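Owing to the predicted nature of the structure, the values given are computational and were not obtained by experimental measurement. Just so it is clear, the values below take in all heavy atoms, side chains as well, and ignore hydrogens, waters and symmetry mates.
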There are 2 protein chains.
Amino acid sequence: MNTHEIFHTINQLSRYLTNRINEELKPLGIYSSQWTVIYVLKTKGSLTQKEICQYLAIEAPPMTRTIQRLLTQGYVKQIQGKDKREKYIQLTEVALEKYPTWEAATLQVNDSLLSAIPSHSHEELSQQLKGWYKQLS
Amino acid sequence: MNTHEIFHTINQLSRYLTNRINEELKPLGIYSSQWTVIYVLKTKGSLTQKEICQYLAIEAPPMTRTIQRLLTQGYVKQIQGKDKREKYIQLTEVALEKYPTWEAATLQVNDSLLSAIPSHSHEELSQQLKGWYKQLS
DNA sequence: GTGATATAGTTACCTAGGTAACTATATTAT
DNA sequence: ATAATATAGTTACCTAGGTAACTATATCAC
């Protein structure tokens with residue numbers, strides 16, 4: 001087996017999927033990196049930037065940028081923690097109102113992308129990839 | 001099933017794998033994007049930039065940059081085609097000398113990354129992902 | 001309490017890929 | 001033959017993520 005191939009395919013897939021999701025989200029005013037953060041905040045509630053970084057396995061600097069963009073767009077607010085170094089981030093009312101639209105758009109494109117593989121293997125593939133990643137990290 | 005999860009996992013995996021491969025390649029003087037091009041040129045021979053782009057499903061501008069870096073490092077040379085718009089790219093002697101080192105490094109890290117999943121499922125997973133990507137693109 | 005160390009977040013600059021607009025050459029229509 | 005169109009590659013600027021060095025606050029040793 002050619003081991004280069006599987007890594008190449010994963011990268012291709014990752015780029016392709018992200019591009020397709022961005023195509024849907026861009027007209028709705030956000031990018032996929034922002035959606036990822038919004039989604040986490042919606043499901044987990046208020047979190048520090050550090051916690052968001054850990055949850056998404058993204059380094060602090062890109063997260064600072066994504067959050068600053070969400071701040072200027074008014075989709076997120078910062079609340080200083082008791083520990084003054086910490087900044088708690090939470091969704092604004094505006095973001096909560098728009099959330100259903102964003103969610104519907106992503107769910108729809110997700111389904112359309114997943115429809116390219118037999119639905120009985122979705123769960124297995126997901127578990128396999130998740131298990132692999134967990135082993136690695 | 002949460003459809004967001006599988007896309008998220010694929011992105012995480014992709015970033016993680018690329019970072020690990022870069023860790024190995026950086027001390028050897030190249031980055032993973034350059035390695036991808038070098039690998040294609042080694043297996044396919046001389047190609048136009050267009051052909052490399054198509055093969056790797058990468059847009060022309062990032063490819064121009066990668067190739068320009070390979071040019072300044074002396075790992076690649078451009079040859080004007082009969083069609084004067086085209087530039088045929090091929091590996092230099094220097095690159096061919098270093099190729100075995102790069103290949104050994106990537107094969108080793110590939111194996112180590114793949115060892116996190118049972119080896120009997122490597123081929124199946126690879127085929128599944130490849131099939132999915134093919135369906136999509 | 002003060003000095004050393006650790007931590008949260010930011011800034012500057014890096015790789016990696018994408019789109020739009022451009023240049024230069026080829027091709028096609030008439 | 002020339003005007004219109006298409007194509008290969010480049011340039012400028014965008015999203016997305018990473019590392020190193022920095023600031024400001026907390027904690028720990030003593």
Give [X] one of three labels, base, sugar-phosphate or nothing, depending on what nucleic acid heavy atoms sit under 4.0 Å from its own.
X	answer
B:Glu86	sugar-phosphate
A:Thr66	nothing
A:Thr64	base

Given [N], is OP1 or OP2 found less than 4.0 Å from the side-chain N or O atoms of [X]?
X	N	value
B:Gln34	C:dA16	no
A:Arg69	D:dA16	yes
B:Asn22	C:dA16	yes
B:Lys87	D:dG9	no
B:Ser33	C:dT15	no

Kindly point out which of [options] is positioned nearest to the side chain of [X]?
X	options	answer
B:Gln49	D:dG9, D:dA8, C:dG18	D:dG9
A:Tyr31	D:dT15, C:dA8, D:dG17	D:dT15
B:Gln78	D:dA24, C:dT11, D:dT10	D:dT10
A:Arg85	D:dG17, C:dT19, D:dA26	D:dA26
B:Gln68	D:dG9, D:dT10, D:dT19	D:dT10

Checklist outcome for this item: On DNA chain D, more 5' by nearest nucleotide between A:Asp83 and A:Ala60 is A:Ala60

Checklist outcome for this item: The residue, A:Lys26 or A:Thr48, whose nearest nucleotide of DNA chain C is more 5′ is A:Thr48

Checklist outcome for this item: Judged by nearest nucleotide, the residue sitting upstream toward the 5' end of DNA chain C, A:Glu23 or B:Ser32, is B:Ser32

Next on the checklist: Is the distance between the ring centroids of B:His8 and A:Trp35 under 6.0 Å?
Outcome noted: no

Whole angstrom is fine here: how far is it from [atom1] in [X] over to [atom2] in [N]?
X	N	atom1	atom2	answer
B:Arg15	D:dG18	CZ	P	4 Å
A:Met63	D:dG18	CE	P	9 Å
A:Ile89	C:dA8	CD1	P	14 Å
A:Ile21	D:dT15	CD1	P	18 Å
B:Glu59	D:dC13	CD	C1'	15 Å
A:Ile58	D:dA16	CD1	P	10 Å
A:Gln54	C:dT7	CD	P	11 Å
B:Lys82	D:dA8	NZ	P	15 Å

Next on the checklist: For a 4.5 angstrom cut-off between non-hydrogen side-chain atoms, does B:Gln34 reach B:Ile67?
Outcome noted: no

Checklist entry - Between atom OG of B:Ser126 and atom CD1 of A:Ile10, what is the distance when rounded to the nearest 0.5 Å? => result 8.0 Å

Next on the checklist: Suppose we call a contact any N or O donor and acceptor under 3.5 Å apart; does that hold for the side chain of A:Arg65 and the base of D:dG18?
Outcome noted: yes

Checklist entry - Is it the case that A:Lys42 places NZ or CZ above or below the six-membered ring of A:Tyr99, under 6.0 angstrom from the centre and within 45 degrees of the axis? => result yes

With a 3.5 Å cut-off and sequence neighbours excluded, list the donor-acceptor pairs that the side chains of residues 128-137 of chain A form with protein atoms.
residue, atom, partner, partner atom, Å
A:Lys130, NZ, B:Glu5, OE2, 2.8
A:Trp132, NE1, B:Leu113, O, 2.9
A:Ser137, OG, A:Tyr133, O, 2.9

Next on the checklist: Please enumerate all residues that pass side chain to side chain donor-acceptor pair (under 3.5 Å) together with B:Asn19, with sequence neighbours excluded.
Outcome noted: none

